[in-house]
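Note that ligands are numbered from 1 as they come in the structure, with each ligand's atoms numbered from 1 the same way. All residue numbers in this chain count up from 1 along the given sequence.
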Amino acid sequence: MAKEVIVDAKTVLLCLTDDEGRQGWGEASVAPLMTGETLDSLLASVKYLVEHARAIEWDDPTLFSKACDAILYGNPSAKSCLEMALLDLYTQQHSISLWKYLRSLNAGIDLEELTEIPLLRMIGGTPEKEIEDAKSFREAGFRHWKIKIGSLSLEEDLYRVQLLSDLLEGDVISVDANGAMSLDDALSFCASAQASKLSFAEQLISAGSSLSDFAMLKQRSPIAIGLDESIHGSGEIEEFMGADALNGASLKLIKTGGVMEAWNCAQILRRNNLKLNLACKVAETSLSGAATASIGFAIGNVPWGFSMSNQYLRFDICDQPLIAKHGHLDLVQLNSTGVGITPNIDRVIDAIAQDYSIIQY
Ligand SMILES: [Mg+2]
C-alpha cells in the first residue's frame, strides 16, 4: 500500500447452515482505515448480527441490508460478511448463480454479456521489481495496472509513473495514492506530462478533504479521477456526482456493506457514464473475489478492471482458487449456483490466525 507493507491478510469467514443442511459462506477483510472496523470488532459485530439474524426470515435479498441496518448501525464489513453468506444460501436454494440473480433483478435493462473480467495488477516494490513484474505479468496477458504512489516524493513518483507508462504503453494504467497527497501535489501530479498516459488516478487526496477540493481536482485534472476511500455507497456517489468531483469509483464489498448495495452503486455508475473499478481489500480469498466478480458479470462492463486480491495470497481456502487466465477472470470459474466458491474446511483451519479459533454459535 502507499504507506504500509502488508505481510498477512486479516479476514473473517462466516459459515451459515440452513434447515436443509446447505452451507452459505461469507467473508470480510479487515480495513480499519476504510470502515473503522478492526479484527476483534468485526468478530464481535458478526456474532451480534448472526445472533439477531436467527429470528428473521431471509427470503428477499433486496431487503437483506435493510434488515441488517435494523439490527446494528454502521459496521459495513460485518454486514457484508453476513449478507454474502445469506446470498450464498439464497442463490443455492434457488439453483442460480449470484451474478445471474443480480442480473435478473434488472430484467428488461439491456446489459452487455461478459465472459471475462480484466484483472488489475498492482505494481510496487523496488524499481527493479516493478519493471520485472510489469514485463512478466504483461507477457502473461495483464493489460490493467495500478501503481501505488504517495509514499515517495512527487518527483520520484512521477519518474516511476513515466517509466512504467512507457513500458506498458496502450494499457489501462492507473495510480492509487490512498489519499496520501496534498491537493497541491495532486494537482501538480495530474498536470505533469510524465503522468499523461495514465487512464485514471485513484484517491489522490484524503477522504477527509472538502468536497470543493475534490471538485477542483477533478475539474483541473487532465486525467480521469477515481475515488475509493471516499465512496462507501450510493449516497456518496450521488453527492460527488452532484459536485462534478469524480469520473469513476472503486467498489469494495466491505465498504458498501455487501453485494446488494455494491450492485446498486454499479448501476448508478453505469447509468451516469461513470467508470467502474471492482476491488477486494488486500488480501481477500477467492470467496470475496467471486462475490465481487459477480457484480462485474452482472453489470456486463468493468472498464477500470477488477483488483482480485487472492492472487497475492500464498494459499487460498478452497481447492480451486480463482486464477487469472491471460490477465482475466473467466466466468466459467464461478460455479453454477451460489456465490461460486466452496471453502475446504481443512484449508480454512490451516488459515486460522494465532490466538484465534473457530467460534460456533
Ligand atoms: Mg484504492
Side-chain angles (χ1 to χ4, degrees), residues 1-6 9-11 28-37 76-77 80 117-125 130 142 144-152 157 160-161 164 172-183 185-186 189-190 195 198-209 213-214 217-218 221 223-233 236-237 240 245-257 261-262 265-266 269 274-284 288-289 292-293 295-296 302-312:
M1 305 298 286
K3 281 187 176 165
E4 56 178 331
V5 175
I6 297 173
K10 293 177 181 63
T11 197
S29 197
V30 180
L33 293 176
M34 266 183 187
T35 73
E37 297 160 278
S77 309
S80 170
I117 296 177
L119 294 176
L120 189 151
R121 185 79 203 183
M122 204 144 64
I123 308 180
E130 287 183 330
F142 283 84
H144 286 63
W145 308 94
K146 176 180 278 185
I147 306 167
K148 284 285 179 179
I149 59 168
S151 60
L152 302 173
D157 273 340
R160 289 169 59 223
V161 165
L164 291 163
V172 175
I173 312 166
S174 65
V175 292
D176 185 356
N178 294 107
M181 280 186 168
S182 66
L183 177 62
D185 277 358
F189 179 89
C190 293
L198 292 175
S199 295
F200 69 102
E202 183 173 298
Q203 199 72 46
L204 295 184
I205 59 173
S206 154
S209 309
D213 281 359
F214 280 103
L217 177 60
K218 189 265 175 183
S221 170
I223 309 165
I225 296 296
L227 295 179
D228 180 4
E229 283 88 341
S230 290
I231 303 296
H232 297 80
E236 282 162 337
I237 291 180
F240 280 90
L246 84 170
N247 299 98
S250 176
L251 301 181
K252 292 186 175 81
L253 305 183
I254 55 168
K255 292 189 303 175
T256 61
E261 173 63 2
C265 291
L269 293 172
L274 297 172
K275 299 281 200 292
L276 166 68
N277 164 257
L278 291 172
C280 294
K281 170 75 184 162
V282 165
E284 291 176 79
S288 249
T292 308
I295 294 157
V302 191
W304 280 354
F306 171 31
S307 306
M308 187 174 79
S309 58
N310 77 318
Q311 37 180 344
Y312 309 107

Does some side-chain heavy atom of His232 sit less than 4.5 Å from a side-chain heavy atom of Pro76? no
Do Val175 and Leu204 have side-chain heavy atoms sitting under 4.5 Å apart? yes
In terms of relative ring orientation, are Trp304 and Phe200 parallel, tilted or perpendicular, with 30° and 60° separating the classes? parallel
Around the Mg ion (ligand 1), list the protein N/O/S atoms within a radius below 2.8 Å, excluding water molecules. Asp176 OD2, Glu202 OE2, Asp228 OD2
Could you measure the distance from the CD1 atom of Ile147 to the CG atom of Asp176? Nearest 0.5 Å is fine. 11.0 Å
Distance from Lys275 atom NZ to Leu246 atom CG, nearest 0.5 Å? 11.5 Å
Nearest-0.5 Å distance that lies between atom NZ in Lys252 and atom CE in Met34: 3.5 Å
